[in-house]
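Here's the structure, in structure tokens; my notes come after.
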Amino acid sequence: MLLRMEFIKPSLLEAGEEHRLNFMLVHPCGRMEPQSDMTFSMTCSDPEIVEVNGSVITGLKPGETEIAIDFLDDRFSVFKWKVLVRPAGQPAKLKLKDRPRILFSIDEIADFRERIKPGDGSSPRIIDASLLWEEYLSKADAYVEEESFEVLYPSISNQWKVALPLTEPKRVPEPQGHTFFPFWTMYARAIEDRLVVMSTAFLVTGERKYAVRVKQHLLSLTAFGKWYEFDERGAEGNLSNAHLLLGASCAYDAIHSLLTEEERRSIRQAILEKGLHPLAIDIGSHDMHNIVAAKQVAMVYGAAAIMDENPFAAKYLQAGLTYLQSYLDRKRVSGETEGLLYDNVAARHAWMAADLYRRISGDDGLVQHPYLREELPERFFSAAGTGRRKLVPESVGFVLQAGYRLPHGHDSYPLRPSGSGVVPAQACCNASRIAPLFTERDFTCKSYGTVRCARFRGIPERRLGRLAVGMGR
């Protein structure tokens, strides 16, 4: 690898919106050095569209222009890229709910605390949420205490040992036979997991030890030069940007009240410039690939976290919701599939955005979409197997997510039982062996008639409990 200069190259701004360029010098050995006082020349082909002032570029009026940066060093080429400036957005019509609003609302926290109380033994429970919560809290405690963690890659022999506090990983040689191997995907998922688990533990228990560790991770992420892996590709074709943005958004919202104004400003700026700005390349996309879907959902999360404090984020909420509505409509009729595993990934992210929108707006239109309520449960229960057929882990994970209100679809996100009759009906209609999870007695459903629970055999409770929170995958 050659000596190179890395930095985020924003492609979309609104009139009045700024982006501060942060330069990272990367040595051939992979060592990285932030460049805060380097000399460079930055010009704009139309200074009426974008203003250049030091390392800050600002959209002035609608139009497209080209930015050029010369580092005045023969070792580096002149960097050029185009920036589109849109008119300043209208004030968002959506008034966001008070914090917390991403992992839980205030009312949901109170309800959740009731659900995880140990039972008195007077009535049997198919799944004992108090036991699940004990396991979840043990995971959060381990994350608070850890000094490092390992990231494993199932398809190759490599593994990373990540020391804490977090620092931006250096680029490593490609595994044999691979080009642009996504090391950061599992790394970013591990960070998202920690941020969400500890944020959830903080919101439910109120114990500050979780928030302290979350803040450490958040502030470490603000010091990264970028949240994607390959500078030459930006946020194209990668999941790390989405996972880090999802985790940071949940965490910022959860511990917002404990942050100083300077800490809020720093994290907000990172969510906007390192999380959202690179994802502008996907605004207007109609691609139903699971990676694109994940990035669109991350836009919704990032905007929901900060748009009441920075209105320039609102366009990402609207873009993500527009994509999601189109995605659900098209998935219902297209028959397009990436296979069970990746359909599962995309479905989980779709649930995440739909449920978040319900929480921040009070509108459950996306949660009630026929694709999520009818087709997906039908597809995954059928794939999960009927009678003596073998259960497919990916489909079990999805239907448990849907039936027990795990809309975030991630090992990290908390268990919330659903009141919907759709999943029980689909489970029983398909003679699924996990139907007893969703109904303890006969019930009547408008679409499926009378469903009799006694037809079905169960699975040991503890195994189902692990599956319900993704621990058994």
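Position 1 is the first residue of the sequence; numbering continues from there. Values in this document were obtained by computation on a predicted structure and should not be read as measured data.
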Legend entry - Atom CZ of Arg208 with >12 non-hydrogen neighbours under 6.0 angstrom: no
Just distance, no hydrogens or angles: give the donor-acceptor pairs under 3.5 Å from side chains in residues 210-226, sequence neighbours left out.
residue : atom : partner : partner atom : Å
Tyr210  : OH   : Asp141  : OD1          : 2.5
Arg213  : NE   : Tyr143  : O            : 3.4
Arg213  : NE   : Val144  : O            : 3.3
Arg213  : NH1  : Gln216  : OE1          : 2.6
Arg213  : NH2  : Glu146  : O            : 2.2
Lys215  : NZ   : Glu263  : OE2          : 3.3
Ser220  : OG   : Gln216  : O            : 2.9
Thr222  : OG1  : Leu219  : O            : 2.6
Lys226  : NZ   : Glu6    : OE1          : 2.8
Lys226  : NZ   : Glu168  : OE2          : 2.8

Legend entry - pair Leu21-Ile69: side-chain heavy atoms closer than 4.5 Å: yes
Inset, instruction - Give a yes-or-no answer on whether the side chains of Thr322 and Gln318 include a donor-acceptor pair shorter than 3.5 Å. - result: yes
Legend entry - Cys250 versus Tyr301, closest heavy-atom pair with distance: SG-CE2, 3.8 Å
Inset, instruction - Kindly compute the distance separating CE (Met288) from OH (Tyr327), expressed to the nearest 0.5 Å. - result: 7.5 Å
Legend entry - Non-hydrogen atoms of Leu372 and Ala350 that approach each other most closely: CD2-CB, 4.4 Å
Inset, instruction - Any salt bridge (Lys or Arg N to Asp or Glu O under 4.0 Å) involving residues 296-322? Give me the pairs, sequence neighbours left out, ordered by first then second residue. - result: Glu14-Lys315, Glu17-Lys315, Arg99-Asp308, Arg99-Glu309, Arg101-Asp308, Arg268-Glu309
Legend entry - Polar side chain donor-acceptor pair, Asn238 to Glu229, under 3.5 angstrom: no
Inset, instruction - Could you pull out all residues at least two apart from Lys80 that satisfy side-chain hydrogen bond (donor to acceptor under 3.5 Å, both in side chains)? - result: none
Legend entry - Spacing of OH belonging to Tyr252 relative to CD1 belonging to Ile271, to within rounding of 0.5 Å: 6.5 Å
Legend entry - Atom pair CD1 (Ile291) and CG (Asn241), whose distance is rounded to the nearest 0.5 Å: 12.0 Å
Inset, instruction - Search all heavy atoms of Pro100 against all heavy atoms of Asp253 and return the closest pair with its distance. - result: CA-OD2, 3.4 Å
Legend entry - Partners meeting ring pair (Phe, Tyr, Trp, His ring centres under 6.0 Å) with Tyr228 (sequence neighbours left out): none
Legend entry - Salt bridge Arg265-Glu262, side-chain N to carboxylate O under 4.0 Å: yes
Legend entry - Distance in Å, Asp282 CG paired with Met299 CE, rounded so as to fall on 0.5 Å steps: 5.0 Å
Legend entry - Short side-chain to backbone donor-acceptor contact, Thr65 and Asp46, under 3.5 Å: yes
Inset, instruction - Looking only at non-hydrogen atoms, find the nearest pair between Ala235 and Pro278 and report the distance. - result: CB-O, 3.5 Å
Inset, instruction - Using the side-chain contact (heavy atoms from CB on, under 4.5 Å) rule, take Met307 and Ile360 through it: C-alpha gap first, then chi angles, then the decisive distance, then the call. - result: CA-CA 12 Å; Met307 61 181 274; Ile360 64 175; over 6 Å; no
Inset, instruction - Verify the neighbour count for atom CZ of Arg20: are there more than 12 heavy atoms of other residues, nucleotides or ligands below 6.0 Å? - result: no
Inset, instruction - Going by the ring-ring contact (aromatic ring centres under 6.0 Å, His included) test, name the single residue among Phe40, Phe76, Trp81 that passes it with Phe7. - result: Trp81
Inset, instruction - Taking atom types as modelled, find out whether His369 and Asp329 have a side-chain donor-acceptor pair closer than 3.5 angstrom. - result: yes
Legend entry - Ser105 versus Asp107, side-chain donor and acceptor atoms under 3.5 Å: no
Inset, instruction - Check whether any side-chain heavy atom of Leu3 lies under 4.5 Å from a side-chain heavy atom of His27, and answer yes or no. - result: yes
Legend entry - Geometric class of the His277/Tyr316 ring pair [parallel <30°, tilted 30-60°, perpendicular >60°]: tilted
Inset, instruction - Would you confirm whether Glu338, through its side chain, and His289, through its main-chain N or O, come within 3.5 Å as a donor-acceptor pair? - result: no
Legend entry - Arg189 with Asp193: basic N within carboxylate O range, under 4.0 Å: no
Inset, instruction - For the residue pair His19 and Val83, establish whether any side-chain heavy-atom pair is separated by less than 4.5 Å. - result: no
Legend entry - Rounded distance [0.5 Å steps], CD1 in Ile267 versus OG in Ser249: 11.0 Å
Legend entry - Tyr342 atom OH, neighbour heavy-atom count above 12 within 6.0 Å: no
Inset, instruction - Verify side-chain contact (heavy atoms from CB on, under 4.5 Å) between Phe230 and Trp184, making sure each step is shown before the conclusion. - result: CA-CA 9 Å; Phe230 304 111; Trp184 276 39; over 6 Å; no
Inset, instruction - Before accepting this row, confirm whether a basic side-chain N of the pair Asp231/Arg171 lies closer than 4.0 Å to the acidic partner's carboxylate O. - result: no
Quick one: side chains of residues 53-60, donor-acceptor pairs under 3.5 Å with protein atoms, not counting sequence neighbours, listed by atom name and distance.
none

Inset, instruction - Tell me, with the steps shown, if Phe104 and Val204 meet side-chain contact (heavy atoms from CB on, under 4.5 Å). - result: CA-CA 9 Å; Phe104 291 96; Val204 175; 4.1 Å; yes
Legend entry - Backbone of His256 reached by a side-chain donor or acceptor of Arg264 within 3.5 Å: yes
Inset, instruction - Tell me, yes or no, whether the heavy-atom count around Glu261 atom CD, taken from other residues, nucleotides or ligands under 6.0 Å, exceeds 12. - result: yes
Legend entry - Atom CD of Glu48 with >12 non-hydrogen neighbours under 6.0 angstrom: no
Inset, instruction - Apply the test side-chain contact (heavy atoms from CB on, under 4.5 Å) to residues Trp133 and Thr200: give CA-CA distance (whole Å), side-chain angles for both, the deciding distance (0.1 Å), then the verdict. - result: CA-CA 11 Å; Trp133 178 245; Thr200 299; 4.1 Å; yes
Inset, instruction - Step through the shown structure and confirm whether more than 12 heavy atoms of other residues, nucleotides or ligands are within 6.0 Å of CD on Glu147. - result: no
Inset, instruction - State, with a plain yes or no, whether a side-chain heavy atom of Trp160 is found less than 4.5 Å away from one of Val172. - result: yes
Legend entry - Heavy-atom closest contact (Leu25 atom, Gln35 atom, distance): CB-NE2, 3.5 Å
Inset, instruction - Please report the closest heavy-atom contact between Met24 and Pro34, naming both atoms and the distance. - result: SD-N, 3.5 Å
Legend entry - Any residue meeting salt bridge (charged side-chain N to carboxylate O under 4.0 Å, His left out) with Glu33, in chain and number order, not counting sequence neighbours: Arg31
Legend entry - Validation row: Tyr187, Ser240 side chains within 4.5 angstrom (heavy atoms): no
Legend entry - Student check: side-chain heavy atoms of Phe312 and Leu276 closer than 4.5 Å: no
Legend entry - Electrostatic pair Glu374:Arg332 at N-O distance under 4.0 angstrom: yes
Inset, instruction - Report the distance from atom CD of Gln296 to atom CG of Asp287, rounding to the nearest 0.5 Å. - result: 9.5 Å
Inset, instruction - Could you tell me whether the side chain of Ile67 reaches within less than 4.5 Å of the side chain of Met42, counting heavy atoms only? - result: yes
Inset, instruction - Report yes if some heavy atom in the side chain of Leu103 is under 4.5 Å from a heavy atom in the side chain of Val196; otherwise report no. - result: yes
